[in-house]
S.K.: 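One structure is given below, represented as structure tokens, and several questions about it will come after.
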Amino acid sequence: MTDTMIISDVGGTNGRFAVAHSDSEGNIDHLSHINVYQCRDYNTFTDMLETFINSLNIPPPKTARLAIAGEMTKRHGVLWHYNWDINSDDLEAKFNFDNVTLLNDYEALVYSVPHLSKDDLLTITPFSDGLKNAPYSVFGLGTGLGGAIGAPHNNGLSVIPTEIGHISFAPKTEEQMKLLKFCNKTLDHTSIETLLSGNGIKRIYNFLLSKNNLDEDDLTPAEITRKAINQNDTIAIKCVELLLSILASAAGDIAVSQGARGGIYIGGGIMPKLVSQIRSEQFIKRFCDKGPMSEFNQKIPIHVIISQSPALIGSFYSKYA
């Protein structure tokens, strides 16, 4: 008989839940009952979790490890996008859990990295291995921009949560300078999350429309990226090119500042859809354009996480932390 655990990956848009079944060695044997819910359809996190538990056709597991976007401790957290207050004590009492542990979604993503296969990654650099046992950085583009650092050590893996999304945007070209001025018309602070996110795609697109003396429209970020991928909208194509240019430079800054010699891992819901638009040579050039630290970055592998459920996997393996 295998042990079971409820695991989750809840961001600003979707909530993913599953039951993890572990083998005799304590690793994941398989996932079952995978469900995805729209956060906007629920008033509280508890309501969403209750929907998932009620959908199960097996006895509910007695433990849960729940990865959620926001500031999390093991026992309490807040999902910022909806101001959902989440408390392990309350969840244990309501659903008769023996134990509920909370963690940030990018902490979970860090824990997933050692368990990802080559099929789970698209590697942009011509090499895939970084410095053994060196820190690695994980961040991703979604509703917002989150990230964390993985620090391997003799006893396992430590995770250091970060707020890299609030790093100031540092333009590298004249066009990016104009983009910064465009954002500053309506924002007090233009961070990398301002541009490297779903809303960021919309901002870049509207900037390019304005630059071409065109009116803003109501296209969603998903529609913009779809048009770019289908190559049937020149503004959308340019929007994605500019997004990837900013991303490459920001990833290089993150690598230098976090000493990520073990690698850069880019997750989130946006990038798997855009891998076909990445021009590796250009991306690497911008990633490594760091003055005296250029050679440092030249030795760092860059990966895009294309797995469907990495943070779910990481939620499970966080039990060994």
S.K.: Donor-acceptor pair, Glu216 side chain versus Leu209 backbone, under 3.5 Å?
M.R.: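 Not confirmed, Glu216 side chain does not pair with Leu209 backbone.
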S.K.: Does Asn212, at its CG atom, have more than 12 non-hydrogen atoms belonging to other residues, nucleotides or ligands within less than 6.0 Å?
M.R.: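 It does: Asn212 CG has more than 12 such atoms within range.
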S.K.: With sequence neighbours left out, what residues match Thr143 under side chain to side chain donor-acceptor pair (under 3.5 Å)?
M.R.: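 Per chain and number, Thr143 pairs via side chain to side chain donor-acceptor pair (under 3.5 Å) with Thr13.
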S.K.: Would Met72 and Val138 show up in the same hydrophobic cluster when neighbours are defined by side-chain heavy atoms closer than 4.5 Å?
M.R.: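 Hydrophobic grouping puts Met72 apart from Val138.
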S.K.: Can you list the residues that meet the side chain to side chain donor-acceptor pair (under 3.5 Å) rule with Ser32, with sequence neighbours excluded?
M.R.: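 Result, side chain to side chain donor-acceptor pair (under 3.5 Å) vs Ser32: His21.
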S.K.: Name all pairs fulfilling the ring pair (Phe, Tyr, Trp, His ring centres under 6.0 Å) condition that reach into residues 202-231, sequence neighbours left out, sorted by first residue then second.
M.R.: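 Qualifying pairs, neighbours excluded: Phe182-Phe207.
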S.K.: With a 4.5 Å limit on heavy-atom distance, are the side chains of Thr101 and Ser318 in contact?
M.R.: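 Of all side-chain heavy-atom pairs linking Ser318 with Thr101, none is under 4.5 Å.
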S.K.: Using a 4.5 Å cut-off between side-chain heavy atoms of Ile, Leu, Val, Met, Phe, Trp and Tyr, which other residues end up in the same hydrophobic cluster as Leu187?
M.R.: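 ILVMFWY cluster around Leu187 holds nothing else.
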S.K.: Counting only N and O atoms by type, is there a donor-acceptor contact under 3.5 Å from the side chain of Ser8 to the main-chain atoms of Ala67?
M.R.: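 Yes.
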S.K.: I'd like to know if Phe139 and Leu196 are part of one continuous hydrophobic network [Ile/Leu/Val/Met/Phe/Trp/Tyr, side-chain heavy atoms within less than 4.5 Å].
M.R.: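 In one cluster: yes.
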S.K.: Apart from Phe127 itself, what residues make up its hydrophobic cluster when side-chain heavy atoms of I, L, V, M, F, W and Y under 4.5 Å apart count as a link, directly or indirectly?
M.R.: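 Cluster partners of Phe127: none, it stands alone.
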S.K.: Answer yes or no: is there a side-chain heavy-atom contact under 4.5 Å between Arg279 and Lys285?
M.R.: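 No, too far: nothing below the 4.5 Å cut-off.
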S.K.: Same cluster or not: are Val275 and Ile305 linked, directly or through other Ile, Leu, Val, Met, Phe, Trp or Tyr residues, by side-chain heavy atoms under 4.5 angstrom apart?
M.R.: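 Different clusters: Val275 never reaches Ile305 through Ile, Leu, Val, Met, Phe, Trp or Tyr contacts under 4.5 Å.
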S.K.: Please tabulate, for the side chains in residues 245-268, all donor-acceptor contacts under 3.5 angstrom to protein atoms that are two or more places apart in sequence or on a different chain.
M.R.:
{"from": "Ser245", "atom 1": "OG", "to": "Gln176", "atom 2": "NE2", "distance (Å)": "3.2"}
{"from": "Ser245", "atom 1": "OG", "to": "Arg286", "atom 2": "NE", "distance (Å)": "3.2"}
{"from": "Ser249", "atom 1": "OG", "to": "Lys290", "atom 2": "NZ", "distance (Å)": "3.4"}
{"from": "Asp253", "atom 1": "OD1", "to": "Lys290", "atom 2": "NZ", "distance (Å)": "2.6"}
{"from": "Ser257", "atom 1": "OG", "to": "Asp253", "atom 2": "O", "distance (Å)": "2.9"}
{"from": "Ser257", "atom 1": "OG", "to": "Ile254", "atom 2": "O", "distance (Å)": "3.3"}
{"from": "Gln258", "atom 1": "OE1", "to": "Ser137", "atom 2": "OG", "distance (Å)": "2.5"}

S.K.: Can you give each donor-acceptor pair under 3.5 Å made by side-chain atoms of residues 148-169, sequence neighbours left out, with the distance rounded to 0.1 Å?
M.R.:
{"from": "His153", "atom 1": "ND1", "to": "Asn155", "atom 2": "N", "distance (Å)": "3.1"}
{"from": "His153", "atom 1": "ND1", "to": "Gly156", "atom 2": "N", "distance (Å)": "3.3"}
{"from": "His153", "atom 1": "NE2", "to": "Ser158", "atom 2": "OG", "distance (Å)": "2.9"}
{"from": "Thr162", "atom 1": "OG1", "to": "Gly147", "atom 2": "O", "distance (Å)": "3.0"}

S.K.: With sequence neighbours excluded, tell me which residues meet side chain to side chain donor-acceptor pair (under 3.5 Å) with Asp85.
M.R.: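 Side chain to side chain donor-acceptor pair (under 3.5 Å) list for Asp85, sorted by chain: His76.
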S.K.: For atom CG of Asn54, decide whether the heavy atoms of other residues, nucleotides or ligands shown that lie under 6.0 angstrom number more than 12.
M.R.: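 Check passes, neighbour count above 12.
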S.K.: Determine yes or no for a side-chain-to-main-chain donor-acceptor pair under 3.5 angstrom, with Glu193 supplying the side chain and Leu145 the backbone.
M.R.: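 The answer is yes, because a donor-acceptor pair under 3.5 Å joins these two groups.
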S.K.: Grouping I, L, V, M, F, W and Y whenever their side-chain heavy atoms are under 4.5 Å apart, do Val36 and Val10 come out in a common cluster?
M.R.: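 Cluster IDs for Val36 and Val10 differ.
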S.K.: Measure the shortest side-chain to side-chain distance between Ile302 and Phe287 over non-hydrogen atoms and say whether it is less than 4.5 angstrom.
M.R.: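 Contact flag for Ile302/Phe287 side chains = yes.
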S.K.: Are any side-chain N or O atoms of Trp84 and backbone N or O atoms of Gly77, one a donor and one an acceptor, separated by less than 3.5 Å?
M.R.: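 It does not hold such a pair.
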S.K.: Evaluate the side-chain proximity of Leu102 to Ser88: yes if any heavy-atom separation is below 4.5 Å, no if none is.
M.R.: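 Side-chain contact under 4.5 Å: yes.
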S.K.: Side chains of Thr190 and Asn184: any donor to acceptor distance under 3.5 Å?
M.R.: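 Thr190 and Asn184 do have a side-chain donor-acceptor pair below 3.5 Å.
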S.K.: In terms of the angle between their ring planes, are Phe17 and Phe52 parallel, tilted or perpendicular, with boundaries placed at 30° and 60°?
M.R.: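 Phe17 and Phe52: parallel rings.
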S.K.: Atom OG1 in Thr44, atom CG in Asn83: separation rounded to 0.5 Å?
M.R.: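 Answer rounded to 0.5 Å: 12.0 Å.
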S.K.: Are more than 12 heavy atoms from other residues, nucleotides or ligands located less than 6.0 Å from atom NZ of Lys62?
M.R.: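 Yes, NZ of Lys62 has more than 12 neighbouring heavy atoms, counting only those of other groups under 6.0 Å.
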S.K.: Indicate the atoms forming the closest heavy-atom contact of Cys39 with Gly11, along with that distance.
M.R.: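 For Cys39 and Gly11, the tightest heavy-atom pair comes out as SG-O, 3.5 Å.
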S.K.: Can Glu71 and Asn104 be said to form a side chain to side chain contact (heavy atoms under 4.5 Å, CB included), step by step?
M.R.: CA-CA 7 Å; Glu71 186 175 355; Asn104 175 268; over 6 Å; no
S.K.: Any side-chain hydrogen bond (donor to acceptor under 3.5 Å, both in side chains) involving residues 292-317? Give me the pairs, sequence neighbours left out, ordered by first then second residue.
M.R.: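 Found Thr123-His303.
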S.K.: Check whether any side-chain heavy atom of Ile201 sits under 4.5 Å from a side-chain heavy atom of Ile270, and report yes or no.
M.R.: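 SC-SC contact between Ile201 and Ile270 confirmed.
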S.K.: Which pairs of donor and acceptor atoms, one on a side chain in residues 115-122, lie under 3.5 Å apart (sequence neighbours left out)?
M.R.:
{"from": "Ser117", "atom 1": "OG", "to": "Asp119", "atom 2": "N", "distance (Å)": "3.3"}
{"from": "Ser117", "atom 1": "OG", "to": "Asp120", "atom 2": "OD2", "distance (Å)": "3.2"}
{"from": "Asp120", "atom 1": "OD2", "to": "Ser117", "atom 2": "N", "distance (Å)": "2.9"}

S.K.: Do Lys94 and Glu50 have side chains that get closer than 4.5 Å, going by heavy atoms?
M.R.: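 When only atoms from C-beta onward are counted, Glu50 and Lys94 do touch, with a gap below 4.5 Å.
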S.K.: Which heavy-atom pair separates Thr220 from Glu223 by the least distance, and what is that distance?
M.R.: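 Distance-wise, the nearest heavy atoms are N-OE1, 2.8 Å.
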S.K.: Tell me, do Val304 and Ile278 make a side-chain contact under 4.5 Å, heavy atoms counted?
M.R.: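 SC-SC contact between Val304 and Ile278 confirmed.
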S.K.: Between Tyr42 (side chain) and Leu49 (backbone), is there a donor-acceptor pair under 3.5 Å?
M.R.: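 Not at all, since once roles are kept as given, no pair shorter than 3.5 Å links the two residues.
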S.K.: Does the Lys319 side chain pair with the main chain of Gly26, one donor and one acceptor, at a distance under 3.5 Å?
M.R.: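 Between the backbone of Gly26 and the side chain of Lys319 there is a qualifying donor-acceptor contact (under 3.5 Å).
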S.K.: Is it the case that atom CD in Glu281 sees more than 12 heavy atoms from other parts of the structure closer than 6.0 Å?
M.R.: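 For Glu281, atom CD is not crowded (no more than 12 foreign heavy atoms under 6.0 Å).
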S.K.: Output, in order, the C-alpha distance, side-chain angles, deciding distance and verdict of side chain to side chain contact (heavy atoms under 4.5 Å, CB included) for Phe95 and Ile6.
M.R.: CA-CA 12 Å; Phe95 299 112; Ile6 290 179; over 6 Å; no
S.K.: According to the salt bridge (charged side-chain N to carboxylate O under 4.0 Å, His left out) rule, which pairs have a member within residues 197-206, sequence neighbours left out?
M.R.: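 Residue pairs passing salt bridge (charged side-chain N to carboxylate O under 4.0 Å, His left out), neighbours aside: Lys202-Asp217.
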S.K.: Please step through side chain to side chain contact (heavy atoms under 4.5 Å, CB included) for the pair Leu66 and Ile86, ending with a clear verdict.
M.R.: CA-CA 10 Å; Leu66 307 173; Ile86 304 164; 5.8 Å; no
S.K.: Quick one, Leu208 with Ile204, criterion side chain to side chain contact (heavy atoms under 4.5 Å, CB included). Give me CA distance, side-chain angles, the key distance, then yes/no.
M.R.: CA-CA 6 Å; Leu208 293 170; Ile204 295 172; 4.2 Å; yes
S.K.: With a 4.5 Å cut-off on side-chain heavy atoms, are Leu103 and Lys74 touching?
M.R.: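 Contact flag for Lys74/Leu103 side chains = no.
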S.K.: Do you know the tightest heavy-atom contact between Ala311 and Leu109?
M.R.: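 So the two residues come closest at N-CD1, 3.9 Å.
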S.K.: Once salt bridge (Lys or Arg N to Asp or Glu O under 4.0 Å) is applied, do any residues pair with Lys181, and if so which ones, sequence neighbours excluded?
M.R.: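 Counting only residues at least two positions away or on another chain, Lys181 forms no salt bridge (Lys or Arg N to Asp or Glu O under 4.0 Å).
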S.K.: To check you understand the geometry: which heavy-atom pair defines the closest contact between Gln277 and Ile229, and what is its length?
M.R.: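 Looking at all heavy atoms of both residues, the closest pair is NE2-CA, 3.8 Å.
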